[in-house]
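Written below as structure tokens is the structure these notes are about.
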Amino acid sequence: MTGLPRFYVTTPIYYVNDVPHIGHMYTTLACDVIARFKRLDGWNVHFLTGTDEHGQKVQKAAAAAGIDPQQFTDRVSANFRELAAMMKFSNDDFIRTTEERHKRACAALWQRLVERDQIYLETYGGWYAVRDEAFYAESELATDGQGGRLAPTGAPVEWVEEPSYFFRLSAWSERLLRFYEANPDFILPTSRRNEVISFVEGGLQDLSISRTTFDWGIPVPGDPAHVMYVWLDALTNYLTASGFPDIEGEDFRAWWPADLHMVGKDILRFHAVYWPAFLMAAELMPPRRVFAHGWWTNEGQKISKSLGNVIDPQDLVERYGLDAVRYFMLREVPFGQDGDFSHRAMVGRINGDLANDFGNLAQRVLSMIGRYCDGRIPVPAGFTEQDRALLDAASGVLLDRMRTLLDRQVLHSVLIEVWEVIADANRYVARQEPWTLRKTDTERMQTVLFVATETIRRLATLTQPFMPDACARMLDQLSVPADRRGFATILADDVLVPGTPLPAPVGVFPRFVDQDPSA
Ligand code: MSP
């Protein structure tokens with residue numbers, strides 16, 4: 001284990017009853033950017049994703065596919081691994097809840113709860129929605145007009161009566177409220193934090209945490225007629241992947257508590273209420289942060305299989321390219337709010353932010369170096385005030401601002417900061433007119449092109465977490481060695497070596513020309 005500071009970031013684990021779509025891709029993409037940023041910034045990162053494979057919903061999907069649940073989950077879990085590879089996600093681990101290590105961790109957590117008198121057995125009757133894998137109170141339900149009842153999420157519910165183990169959640173309201181109070185940034189964004197606090201202030205009821213009417217789950221220790229509630233099983237994955245139950249072990253001591261659980265707003269309650277309560281009850285540390293992001297719609301409509309408007313990330317990447325998709329998803333929508341996917345907005349970002357702003361800056365400067373400087377990194381001769389102003393804009397101050405924003409997961413603003421400097425750099429080139437200086441003052445022209453190139457180097461270095469391939473290609477064109485691409489080099493002035501021959505420039509951000517404008 002190295003002495004670097006550590007950062008443990010997790011995605012939710014995905015239900016395997018579905019094929020991956022942009023909603024799933026979005027949560028993991030956000031974590032990937034955060035993980036890459038932290039690594040480039042000198043942190044030792046553990047980035048976890050995986051699949052949630054138990055529960056009634058998955059058992060039903062397997063039955064519908066006519067195969068046994070294990071075979072079914074093996075098949076569908078692989079789709080999520082393929083998505084991760086296609087998106088170049090840099091996860092360090094991929095957990096499946098059907099793995100032995102996870103069954104062990106769940107049994108151990110259950111045992112700790114039993115030992116601390118947090119679990120009791122009772123007969124339970126309640127309204128259960130398989131689609132949400134959640135119980136609802138009578139008062140929360142609506143009718144579907146045909147004698148059926150619906151959960152607030154619109155999912156049909158059924159009356160379930162069975163013996164069940166309960167977790168003494170009601171005993172934890174006060175402790176949770178004190179915990180939120182003492183850790184104001186535990187739940188972000190703040191609007192979501194307020195929702196969670198009002199929910200807990202409304203009073204918590206004990207939670208049913210085992211089922212007996214189906215068997216696709218992790219058996220309750222000592223009472224195998226019960227399987228654990230799928231959310232208790234699923235949440236425990238974060239512990240499993242940190243080495244639990246070996247709590248004296250090096251891994252657990254290094255990684256727990258998790259620094260960040262990234263989730264969609266729909267599953268915040270499980271992460272910000274149940275999960276810290278389970279952990280406190282088991283005398284384990286709660287995570288440091290839960291961030292709830294918003295939901296995507298497609299051209300204004302809710303994304304759903306029944307509407308047939310599910311967006312396949314693979315199709316997007318084939319059409320627009322990986323870096324453009326990664327950039328768009330995190331720039332278009334203020335992170336934390338809901339957003340809408342549209343072809344128009346995507347093309348607007350590609351042709352505006354990427355091709356015109358960043359792409360053009362690099363393309364223009366590099367081609368002038370090709371034509372006016374014999375294809376070699378220009379040799380600067382003393383900086384003016386304007387030169388220094390641009391170099392300062394792309395300096396450690398920018399990095400500090402990016403860090404502050406990233407540490408609160410304000411991902412779109414991280415990009416906005418970078419694009420402000422891209423605009424500065426474009427203005428600088430336009431004002432300095434190196435094409436005119438070429439005829440009047442070649443020494444000054446070399447300085448101007450050097451300043452612009454150094455700025456591009458820093459911007460490409462800082463943007464790597466969002467667009468790893470495009471930035472790598474830019475840094476390759478500047479002959480920046482592979483081991484000089486970390487954020488520490490933002491403060492270094494010896495990365496670009498004047499006089500070094502550069503490869504012939506190639507465009508990194510092509511314009512998107514629509515082949516089929518009706519699509
Ligand atoms: N299995 C649970 C999580 C257990 S974590 C201990 C689950 N899985 S899920 O596959 O249904 O959803 C996973 C993530 O995808 C959630 O964060 C959810 O918010 C996200 N999205 C699913 N559809 C989405 C959109 N349309 N837009 C944005 N994200 C959405 O819940």
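In listed order, ligands and their atoms are each counted from 1. Source: prediction; values computed, not measured.
The two residues Pro465 and Arg326 come nearest to each other via the heavy atoms O-NH2, 2.9 Å.
Of all protein heavy atoms, the one closest to atom 27 (N) of ligand 1 is Trp296 N, 2.9 Å. Closest to atom 7 (C) of ligand 1, if we only count protein heavy atoms, is Tyr15 CE1, 3.4 Å. Scanning the protein heavy atoms around atom 14 (C) of ligand 1, the nearest turns out to be Tyr14 CE2, 3.6 Å. Distance from atom 18 (C) of ligand 1 to its nearest protein heavy atom, with residue and atom name: Asp266 OD1, 3.5 Å. Looking only at heavy atoms of the protein, atom 17 (O) of ligand 1 is closest to Gly264 N, 2.8 Å. Residue, atom and distance of the protein heavy atom nearest to atom 23 (N) of ligand 1 are His21 CE1, 3.3 Å. At the shortest separation from atom 16 (C) of ligand 1 among protein heavy atoms lies Ile267 CD1, 3.9 Å. Protein heavy atom nearest atom 24 (C) of ligand 1, with residue, atom name and distance: Gly23 CA, 3.5 Å.
Note: Phe341 and Phe328 have perpendicular aromatic rings, judged against thresholds of 30 and 60 degrees for the angle between ring planes.
Between the side chains of Glu158 and Trp127, no donor N or O sits under 3.5 Å from an acceptor N or O. Judged by distance alone, the side chains of Tyr327 and Asp353 do bring a donor and an acceptor atom under 3.5 Å apart. Arg81 and Thr51 share no donor-acceptor pair across their side chains, judged by distance under 3.5 Å alone.
The option with the heavy atom closest to atom 2 (C) of ligand 1, from among Asp338, Ile13, Val333, Val230, is Ile13.
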